[in-house]
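A short worksheet on the structure shown next.
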Amino acid sequence: MATLLARNAERLVTMDGTRREIAGGGLFARDGMIEQVGPSDSLPRDADEVIDLSGHVVVPGLVNTHHHLYQNLTRAVPAAQDALLFGWLRALYPVWARMVPDDIRVSATVGLAELALSGCTTSADHLYLFPNGSRLDDEIEAALEIGLRLHATRGAMSIGESAGGLPPDSLVEPEARILKDCERVVGAFHDSRPGAMVRIALAPCSPFSVSRELMRDTALLARKLGVMLHTHLAENEEDVAYSRAQFGCRPGLYAEQLGWTGDDVWHAHAVRLDAGEIDLFARSGTGVAHCPCSNMRLGSGIAPVRRMRDAGVKVGLGVDGSASNDAADLLNEARQAMLLQRVALGADAMSAREALEIATLGGARTLGRDDLGSLERGKRADFAAFAIAGPGMAGAWDPVAALVLCAPGKANYTVVEGRVVVREGRLETIDLEAALRQHRARTRRLVDGA
């Protein structure tokens, strides 16, 4: 039975029910589960793995609730740098259509490595296009190699340009094939047990790229299979206008009509929810993946996170795709989430600690993970440790708030299920330089073919 002892943290942030912060704190875990949390002198003295975290702030593992890992092969594409959502998509669809299975695998490897180095221990990913034989399996393989928890969502697009949709016809799939493959990946990979490393959700891309029937049928299938549902919703004004024109209602009502509200559903962005939709999400237990950097990058607006939180909506953070961010750093998302609410509502609209809560416990709740998000007995041993001695945090009186208020730093340690994934700032589980060489070659292939 493998044991882990982490001790001597400058501050250990538990995110437990009382939000304890323990000076000189630590934790003891066995087989990936936390058995004790407290002052270091109250913990066992020995373990199979002992980590001295003097000079570090320790937080629960950061949780990313929305991503498109494949997009890190198309960062900073000139034609998409200054476009709104729909124009941005039209510029990138032709490039994405040329991807192959190795592109999906390599981009997932590098994207998950980037997340691990930022202190992320769990990530959802929304893969909604499968060009040239690509499968969801390709990114799951990468996650198992890296050692991060993955909520892989089987996305889909079924309405192409010729039928009034946004994506090119070459990127859409027949709906019967989509539903069949959804059943396949759930059967092959979904693990509903506490501590699961891989879970599957079903995730038609958006109301403007799939039919009403596929939205409804996917919701029915997900509930039959016992998995969660995910899609994009109300991302910007174009999105809302499309919903009004095509469906005769706002996005929230459209989602409700088709079974897309409930505690097994989380929507990405939700920038343009109105008061009625916020109330609907709160009453139904529907979650939101808030993606502040992407929302700013695409000019989509400021999501009403303060109103959502006050109403009781579950909110987590998402880095979104690396073609619309173009980074994958959860602490930076927490910082931007806090700053955007302050820009909109005033300096007291969101504290640094609340932003950190959204990045950890909020994300875990949004993904339906009651085994993650806090450091306490019975939870999984997922945590990140950030060194506070560098210039970016020099002079900080409050080291916990400094994680969000100061320049976002990289994790010195990232631990998942009691296993060290990042040690002293270096990825332990794969050869990152080799992965980056492959990634550069695959990016060059796409650039040369453009």
Side-chain angles (χ1 to χ4, degrees), residues 4-16 18-29 34 36-43 49-64 113-122 317 319 327-339 342 350-363 373-376 381-416 418 420-428:
L4 169 75
L5 174 63
R7 62 189 180 190
N8 301 327
E10 177 78 14
R11 196 78 58 86
L12 186 140
V13 180
T14 65
M15 289 296 169
D16 66 8
T18 62
R19 301 298 188 267
R20 283 189 305 158
E21 297 178 5
I22 306 170
L27 61 83
F28 179 82
I34 298 172
Q36 292 179 246
V37 177
S40 294
D41 60 10
S42 71
L43 303 175
E49 172 89 48
V50 179
I51 306 174
D52 185 348
L53 295 176
S54 301
H56 290 74
V57 175
V58 176
V59 300
L62 307 179
V63 178
N64 179 32
E114 183 181 15
L115 286 169
L117 291 165
S118 83
C120 177
T121 56
T122 300
L317 291 179
V319 299
D329 188 318
L330 262 295
L331 272 187
N332 189 48
E333 297 300 326
R335 186 171 194 262
Q336 299 304 328
M338 176 193 71
L339 294 176
R342 292 182 177 208
M350 181 175 289
S351 70
R353 281 175 169 78
E354 183 177 9
L356 193 59
E357 178 183 314
I358 295 170
T360 53
L361 190 60
S374 61
L375 300 178
E376 53 188 316
D382 290 14
F383 62 88
F386 297 87
I388 59 175
M393 291 180 67
W397 291 26
D398 179 346
V400 176
L403 291 180
V404 177
L405 289 169
C406 297
K410 296 301 180 185
N412 213 26
Y413 287 87
T414 301
V415 175
V416 183
V420 179
V421 175
V422 173
R423 187 190 302 272
E424 296 182 356
R426 296 181 61 85
L427 200 64
E428 287 237 308

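For the numbers below, each heavy atom of this structure counts, side chains included, while hydrogens, waters and symmetry mates do not.
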Can you tell me how far apart [atom1] ([X]) and [atom2] ([Y]) are? Round to the nearest 0.5 Å.
| X | Y | atom1 | atom2 | answer |
| --- | --- | --- | --- | --- |
| S374 | I34 | OG | CD1 | 7.0 Å |
| Y413 | R423 | OH | CZ | 6.0 Å |
| D398 | C406 | CG | SG | 9.5 Å |
| R11 | L403 | CZ | CG | 10.5 Å |
| F383 | T360 | CZ | OG1 | 14.5 Å |
| M338 | L356 | CE | CG | 11.0 Å |

Determine the minimum heavy-atom distance between [X] and [Y], stating which atoms define it.
| X | Y | value |
| --- | --- | --- |
| P39 | S42 | O-OG, 2.6 Å |
| S118 | A411 | C-CB, 4.1 Å |
| M393 | A402 | CE-CB, 3.4 Å |
| M350 | E354 | CG-OE1, 3.8 Å |
| E333 | L317 | C-CD1, 3.9 Å |
| A6 | L53 | CB-CD1, 3.9 Å |

Report yes or no: does [X] contribute a side-chain atom to a donor-acceptor pair with the main-chain N or O of [Y] at less than 3.5 Å?
| X | Y | value |
| --- | --- | --- |
| E114 | A328 | yes |
| N64 | V319 | yes |
| T122 | V63 | no |
| T414 | A116 | yes |
| N412 | G425 | yes |

| field | side chain to side chain contact (heavy atoms under 4.5 Å, CB included) evaluation trace for T14 with E376 | value | CA-CA 7 Å; T14 65; E376 53 188 316; 5.9 Å; no
| query | Is there a salt bridge (Lys or Arg N to Asp or Glu O under 4.0 Å) between R335 and D329 once you walk through the steps? | reply | CA-CA 10 Å; R335 186 171 194 262; D329 188 318; over 6 Å; no
| query | Do the non-hydrogen side-chain atoms of L427 and V421 ever get within less than 4.5 Å of each other? | reply |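 The answer is yes; the side chains approach within 4.5 Å.
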| task | Given side chain to side chain contact (heavy atoms under 4.5 Å, CB included), test R19 with L361 step by step and report yes or no. | result | CA-CA 11 Å; R19 301 298 188 267; L361 190 60; 3.5 Å; yes
